[in-house]
Enquirer: 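Here it is: the structure, laid out below.
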Amino acid sequence: LALGLSRDAFGPIVGFLFAVPLLWVVISALWPARADRKCPACDRDTLERLDAEATYGISCSSCGFTDESQSSWLLAEEEGPLEEIVLEQRRRKSRSPLDRSIPGD
C-alpha cells in the first residue's frame with residue numbers, strides 16, 4: 001500500500017468512511033435544524049416572517065428590523081405545512097409580468 005498502512009487497517013478505514021456519512025444522515029433526520037429567531041440588530045428572539053405567504057423576508061417585532069431578502073424557510077416550516085406556499089410561489093414565477101389575468105380563469 002502506498003501510504004505505508006498495513007492491510008489490517010484497510011477494512012476499518014473503509015468502514016469508517018462509509019459510517020460517517022450514514023451517521024450524519026441519521027443525526028440530521030432525528031434532530032433537524034431549527035430556525036434562529038434571534039434578531040441581528042437587537043439580539044432578541046423576536047424574528048418573524050415578513051409575509052405569511054412567502055418563504056423569504058424577516059422582521060423583528062421588537063426593534064422593527066427588516067430584511068426582505070433573508071430566507072425565512074425554517075420559520076415557515078416551524079409554523080406549518082409548506083406545500084401551499086411553495087406552490088403559490090411557483091405560480092407567481094410562472095406568470096409573465098405582463099399577464100394581468102386572474103389565476104383560475
Side-chain angles (χ1 to χ4, degrees):
L1 295 164
L3 298 175
L5 298 173
S6 70
R7 291 182 188 262
D8 296 335
F10 184 73
I13 290 172
V14 170
F16 176 77
L17 291 176
F18 280 106
V20 168
L22 181 64
L23 186 63
W24 183 270
V25 169
V26 169
I27 289 171
S28 297
L30 295 176
W31 291 282
R34 285 185 278 172
D36 182 13
R37 294 184 179 268
K38 188 173 282 194
C39 176
C42 69
D43 224 26
R44 293 186 181 152
D45 288 333
T46 53
L47 281 183
E48 52 193 31
R49 291 191 299 154
L50 197 58
D51 180 6
E53 301 299 320
T55 57
Y56 53 87
I58 58 170
S59 67
C60 176
S61 59
S62 291
C63 69
F65 171 82
T66 60
D67 185 349
E68 295 172 356
S69 62
Q70 174 72 37
S71 173
S72 60
W73 180 268
L74 290 176
L75 296 173
E77 190 175 41
E78 284 183 352
E79 294 171 7
L82 294 172
E83 184 177 6
E84 289 300 318
I85 295 171
V86 172
L87 291 174
E88 182 58 34
Q89 285 179 342
R90 286 182 185 169
R91 278 187 224 111
R92 280 189 239 158
K93 286 182 182 178
S94 67
R95 290 181 58 203
S96 165
L98 300 176
D99 184 8
R100 305 250 187 241
S101 64
I102 298 171
D105 283 349

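In this text, all values refer to a predicted model and were calculated from it rather than measured experimentally.
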Enquirer: Partners of S59 by side chain to side chain donor-acceptor pair (under 3.5 Å), sequence neighbours excluded?
Expert: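 With neighbours one apart ignored, the set is empty.
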
Enquirer: For the atom pair CG (D45) and CG (D36), what is the distance rounded to the nearest 0.5 Å?
Expert: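 Going from the CG atom of D45 to the CG atom of D36 covers 7.5 Å.
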
Enquirer: Can you tell me how far the OH atom of Y56 sits from the OG atom of S71, to the nearest 0.5 Å?
Expert: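 So the gap between those two atoms works out to 11.0 Å.
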
Enquirer: For residues 65-77, which residue pairs pass the salt bridge (charged side-chain N to carboxylate O under 4.0 Å, His left out) check, not counting sequence neighbours?
Expert: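 For residues 65-77, and leaving out neighbouring residues, there are no salt bridge (charged side-chain N to carboxylate O under 4.0 Å, His left out) pairs at all.
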
Enquirer: Work out which heavy atom in A76 is nearest to a heavy atom in T55; give both atom names and the distance.
Expert: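 That closest heavy-atom pairing would be CB-CG2, 4.3 Å.
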
Enquirer: I'd like to check the side chain to side chain donor-acceptor pair (under 3.5 Å) partners of E53; sequence neighbours left out, ordered by chain and number.
Expert: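 Result, side chain to side chain donor-acceptor pair (under 3.5 Å) vs E53: none returned.
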
Enquirer: Name all residues meeting the side chain to side chain donor-acceptor pair (under 3.5 Å) criterion together with S62; count only those two or more places apart in sequence or in a different chain, and write none if there are none.
Expert: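 S62: side chain to side chain donor-acceptor pair (under 3.5 Å) contacts with T46.
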
Enquirer: Enumerate the residue pairs fulfilling side chain to side chain donor-acceptor pair (under 3.5 Å) with a member in residues 9-32, sequence neighbours excluded, ordered by first and then second residue.
Expert: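 Passing the test, one end in residues 9-32: no pairs.
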
Enquirer: Atom CZ in F16, atom CG in L23: separation rounded to 0.5 Å?
Expert: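 If we round to the nearest 0.5 Å, F16:CZ and L23:CG are 9.5 Å apart.
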
Enquirer: Tell me, do L75 and E48 make a side-chain contact under 4.5 Å, heavy atoms counted?
Expert: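 They are not in side-chain contact.
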
Enquirer: If Ile, Leu, Val, Met, Phe, Trp and Tyr residues are connected whenever their side-chain heavy atoms lie under 4.5 Å apart, and connections chain through other members, are V26 and F18 in the same group?
Expert: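 As far as the 4.5 Å side-chain criterion goes, F18 and V26 are not connected within one cluster.
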
Enquirer: Minimum heavy-atom separation for A54 to S72, with atom names?
Expert: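 Heavy atoms only, the tightest pair is O-OG, 3.9 Å.
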
Enquirer: Does a side-chain heavy-atom distance below 4.5 Å link T66 with L50?
Expert: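 Answer yes - side chains close enough.
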
Enquirer: Tell me which donor-acceptor pairs under 3.5 Å the side chains of residues 78-85 have, and how far apart each pair is, sequence neighbours excluded?
Expert:
unit_1	atom_1	unit_2	atom_2	d
E78	OE1	R37	NE	3.4
E78	OE1	R37	NH2	3.0
E78	OE2	A35	N	3.1
E79	OE1	R49	NE	2.9
E79	OE1	R49	NH2	2.8

